[in-house]
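Have a look at the structure below before the remarks.
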Protein chains: 2
Amino acid sequence: MATMQDVARRAQVSLSTVSYALSGTRPVSDATRRRIEDAMADLGYQPNAMARGLASRRSNVLALIYPAMEKGLGGTVAEFVSSAADTARENGYHLVLWPFRTTQASEVRDLVRQGMADGVLLMEVALDDDRVDVLHEAGVPYTMIGRTRDVTDRPSVDIDFGRTTDDAVGHLVDLGHRHIALVNHSQATVEDGYAPTFRAEEGFDAAMRARGLEPLSLRVDESPEAGRTAVGRLLDAEPRLTALVTMNEIATFGVVAELQQRGIAIPGDMSILSIVTSPGVGAMSNPPLTTMHAPGAELGRLGVQKLLSLVDGSRPSTPNVLIPCALEPGSSVAPATHGDGRPDGGLPAR
Amino acid sequence: MATMQDVARRAQVSLSTVSYALSGTRPVSDATRRRIEDAMADLGYQPNAMARGLASRRSNVLALIYPAMEKGLGGTVAEFVSSAADTARENGYHLVLWPFRTTQASEVRDLVRQGMADGVLLMEVALDDDRVDVLHEAGVPYTMIGRTRDVTDRPSVDIDFGRTTDDAVGHLVDLGHRHIALVNHSQATVEDGYAPTFRAEEGFDAAMRARGLEPLSLRVDESPEAGRTAVGRLLDAEPRLTALVTMNEIATFGVVAELQQRGIAIPGDMSILSIVTSPGVGAMSNPPLTTMHAPGAELGRLGVQKLLSLVDGSRPSTPNVLIPCALEPGSSVAPATHGDGRPDGGLPAR
DNA sequence: GCGTTTCGACGAAGCGCTTCGACGGCGCTT
DNA sequence: AAGCGCCGTCGAAGCGCTTCGTCGAAACGC
């Protein structure tokens, strides 16, 4: 493998001049630059990443601490990872995968100290997350995807659960629905401090109350069976239910199956709006679900950009961003009826 | 950040002794080793990855060239990536993501020359793939997930499509089915040189012929609509069809929807066996699909292990491995009937 | 015409580690 | 008692690059 020294010899210049020509840190005359470029091309020269990293104290590597991917298929996660890797690549960085859960803060610290990564992207942040503290103390640039409980002064990008749930409820209410329930993620996720479960619940409740409606929600395990059971429990609690907001992909399929088995038509008798889901998942249902897509790719891109702005202070640091999910029409949402085919009445007085 | 020199000073030994204590390359007395370990613990020392890499010419990084993830949700892919990252981590390696398609062979070569990775894992290899040639010529250790057309002397791990399709057909034939069709991936994947489409078709045809049955298969676009259309075309071609082998997740959902709409019961009138699919996808259907799960996690683990055995020649190099998909019972496969509820007859003479 | 900038290029000192050759002291043999 | 080998340790030479200080020569001012 050709070294910079080889290039220098061939171009009849000193090693340092080659370095300056490559980095542009100091001016190099056009004639010299051309000779150097020719030499590099002839030799197929590529700078050695390790040497560069050692000398410059910059590895050009970003680390992505990503979730265990145990629950669910991770369509959004895959989308996110892919987009983050692309964006890193476009900016001359590598993306390395660090599979660490919330409890492995010390492993994260050790790895960070090895100087392998210039910055860290942290996915699926828990409400209280030691990994974030470790990164903060270590002084490594980092960006959270998601947010801890208290997010002041901690760089992050996240889904805007408030707006997403409000948009979802608003959409259904506009169609005349008044009795709407949320099929949320499981109690287990809550105990793990999984933030989306909290934020969706809060957002849904707020959105309902803001419209003078009574929120009803259930934490449901991530399984089709749990989804089936949930249907019964929800209908017992509120028989007048005409719409469901679901943010639990696996359970949603159980919900759909159970409704169909009970002869409750989708969307005739019951509308289903699946939120924070991944592209393609809605299409797998019959009828195809109306969904609100999680902005996985966008978060990946913005997360990396934000992180890079911290890594090389040159770029201006952007404020924290929240992105709502986007409504994608399907065939599982329709105007509300009273069960007799007549559209529901107007809004109650607020 | 503490350096090895700091540790040496604190432990009252020379720099090189610390290095030997850490690597075990040369013997170090117990007393000295203890002093060094104490010093490292006191200082919270972690060896610098770049310096180590430069001096040893080993980065402890493996690169994963992964597919664009455009088509489909990539459940299997996510599983694979996750398992590969875990296995790398367990062996003290980092996994970096290199998003490059088949056409970007020169980018791959440049990156390899930068010495960032000690080895390369190549996913979704096409039947003819320049990236493989580039890696071969560069002399970098690599392992393919999947296989090029000619696989002799090229390290790889892959799904055993032959056994998977044979198991699938065998399972259905054991249940009395005689008229079985394959819903394959699209013509577009064939044109991209996507190997699984070929290998599944070959395997299915062979499995059918080996049992004296006439193979019937269709290349179907990756969309529910295409799946719906396929049903009509297949039934036109062979009205006596009682079972479908599908290896196109998205299309499968269309197939199921169309069958149900036509009043063809699953599995009463038509059995569906979804092969090379990812865990959880089957559960999303109603009834839950009987599937043959792609061994994503296993391939990830074996791929990394194989690659590592090439990277540090110490481990013995294993022969190439093919792993079949495993049958996971669901509710979409049942014994064949003649449409009148009676089981089908025995096997025809071979 | 000579001092003073300015520009472009050079040499050398690291970055923090691995690894090779060497060497002192110990226990053993003869 | 002298010689030998071996174990544990040390010093120094890089690995391939970045970056700082410097310096010669061309360009400029008065």
Side-chain angles (χ1 to χ4, degrees), chain A residues 1-37 39-40 43-61 92 110-118 312, chain B residues 1-37 39-40 43-61 92 94 110-118 312 314:
Chain A
M1 209 85 311
T3 73
M4 194 173 264
Q5 188 60 260
D6 298 333
V7 174
R9 248 192 303 274
R10 189 168 236 271
Q12 317 240 46
V13 295
S14 79
L15 203 174
S16 52
T17 303
V18 177
S19 176
Y20 289 127
L22 210 52
S23 67
T25 321
R26 282 194 189 179
V28 169
S29 73
D30 282 354
T32 309
R33 159 167 292 112
R34 201 159 11 252
R35 284 214 315 285
I36 292 175
E37 281 165 358
M40 294 201 298
L43 296 170
Y45 171 76
Q46 288 289 129
N48 180 288
M50 294 291 130
R52 200 197 265 264
L54 179 58
S56 65
R57 267 149 299 245
R58 309 276 263 64
S59 62
N60 279 283
V61 168
D110 289 350
L111 234 42
V112 159
R113 288 213 180 131
Q114 293 179 12
M116 167 95 288
D118 293 337
D312 54 89
Chain B
M1 209 85 314
T3 73
M4 194 173 265
Q5 189 58 260
D6 298 333
V7 174
R9 250 193 301 275
R10 189 170 237 268
Q12 318 240 47
V13 295
S14 79
L15 204 176
S16 50
T17 303
V18 176
S19 175
Y20 290 127
L22 210 54
S23 67
T25 321
R26 280 193 191 182
V28 169
S29 73
D30 283 353
T32 308
R33 159 166 293 115
R34 205 163 4 257
R35 284 214 314 285
I36 292 175
E37 281 166 359
M40 295 201 299
L43 296 170
Y45 171 76
Q46 288 289 130
N48 181 287
M50 294 291 129
R52 203 198 264 264
L54 178 58
S56 65
R57 268 147 296 241
R58 308 275 263 65
S59 62
N60 279 281
V61 168
H94 297 265
D110 289 350
L111 234 41
V112 158
R113 288 211 179 134
Q114 294 179 12
M116 167 95 285
D118 293 336
D312 55 270
S314 69

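Proteins come first, then strands; the chains are lettered A, B, ... in the order of their sequence lines, and each starts at number 1. Both backbone and side-chain heavy atoms feed into the values below; hydrogens, waters and symmetry mates do not.
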Hits for side chain to side chain contact (heavy atoms under 4.5 Å, CB included) against A:R34, two or more places apart or cross-chain, chain-then-number order -> A:D30, A:D38
task = Mark yes or no for whether A:R35, through its side chain, and A:A11, through its backbone, hold a donor-acceptor pair below 3.5 Å.
result = yes
Atom CZ of A:R113 and atom C1' of C:dG16 are separated, to the nearest Å, by 17 Å
Contacts of A:S56 meeting side chain to side chain donor-acceptor pair (under 3.5 Å) (sequence neighbours excluded), chain-then-number -> none
Can you give each donor-acceptor pair under 3.5 Å made by side-chain atoms of residues 19-28 of chain B, sequence neighbours left out, with the distance rounded to 0.1 Å?
from: B:S23; atom 1: OG; to: B:S19; atom 2: O; distance (Å): 3.1
from: B:S23; atom 1: OG; to: B:T25; atom 2: N; distance (Å): 3.2
from: B:S23; atom 1: OG; to: B:T25; atom 2: OG1; distance (Å): 2.4

dist B:H94:NE2 -> B:N60:CG (nearest 0.5 Å) comes out at 7.0 Å
A:Q114 CD to C:dG16 C1', in whole Å, measures 13 Å
Output for pair (B:T17 OG1, B:M4 CE), nearest 0.5 Å, gives 10.5 Å
In whole angstroms, the gap separating C1' of D:dT18 from CE of B:M50 amounts to 15 Å
Across all chains, not counting sequence neighbours, the side chain to side chain donor-acceptor pair (under 3.5 Å) partners of B:R10 are B:D42
Please write out the pairs of protein N or O atoms and N or O atoms of nucleotides 24-26 of chain D separated by less than 3.5 Å, giving the distance to one decimal.
none

Heavy-atom closest pair (A:M50 atom, B:M116 atom, distance to 0.1 Å) is CE-CE, 3.1 Å
Give me the distances for all protein-to-nucleotides 20-22 of chain D N/O pairs that come in under 3.5 Å?
from: D:dC20; atom 1: N4; to: A:Y20; atom 2: OH; distance (Å): 2.2
from: D:dG21; atom 1: N7; to: A:R26; atom 2: NH2; distance (Å): 3.2
from: D:dG21; atom 1: O6; to: A:R26; atom 2: NH1; distance (Å): 2.3
from: D:dG21; atom 1: O6; to: A:R26; atom 2: NH2; distance (Å): 3.4

Return the polar atom pairs (N/O with N/O) between nucleotides 13-15 of chain D and the protein under 3.5 Å, or none.
from: D:dC15; atom 1: O2; to: B:A55; atom 2: N; distance (Å): 3.4

Per the under-4.0 Å heavy-atom filter, residues of residues 1-14 of chain A near DNA chain D come out as A:T3, A:M4
Residue set satisfying side chain to side chain donor-acceptor pair (under 3.5 Å) with B:D118, at least two apart, ordered chain then number -> B:R58, B:S59
For A:R9, the side chain to side chain contact (heavy atoms under 4.5 Å, CB included) test, sequence neighbours excluded, returns A:Q5, A:D6
Value for CG (B:L54) from CZ (A:R52), rounded to nearest 0.5 Å, stands at 13.0 Å
Taken to the nearest whole Å, CZ/B:R58 to P/C:dT18 is 12 Å
To the nearest angstrom, the CG-P distance between B:D30 and D:dC7 comes to 15 Å
Rounded to whole Å, the CG-P distance (B:N48 to C:dT18) equals 10 Å
Sequence neighbours excluded, the answer for side chain to side chain contact (heavy atoms under 4.5 Å, CB included) partners of A:A55 is none
Between CG of A:N60 and C1' of D:dC17 the distance, given in whole Å, is 13 Å
Quiz item: Yes or no on side-chain contact (heavy atoms from CB on, under 4.5 Å) for A:V7 and A:I36, after CA distance, side-chain angles and deciding distance?
Solution: CA-CA 7 Å; A:V7 174; A:I36 292 175; 4.2 Å; yes
Rounding to 0.5 Å, atoms CE (A:M1) and CG (A:L43) come to a distance of 10.0 Å
Separation of C:dT18 atom C1' from B:D312 atom CG, nearest Å, is 17 Å
- Message: Classify B:P27 by what it touches in the nucleic acid, base, sugar-phosphate, or nothing, heavy-atom distance under 4.0 Å.
- Response: base
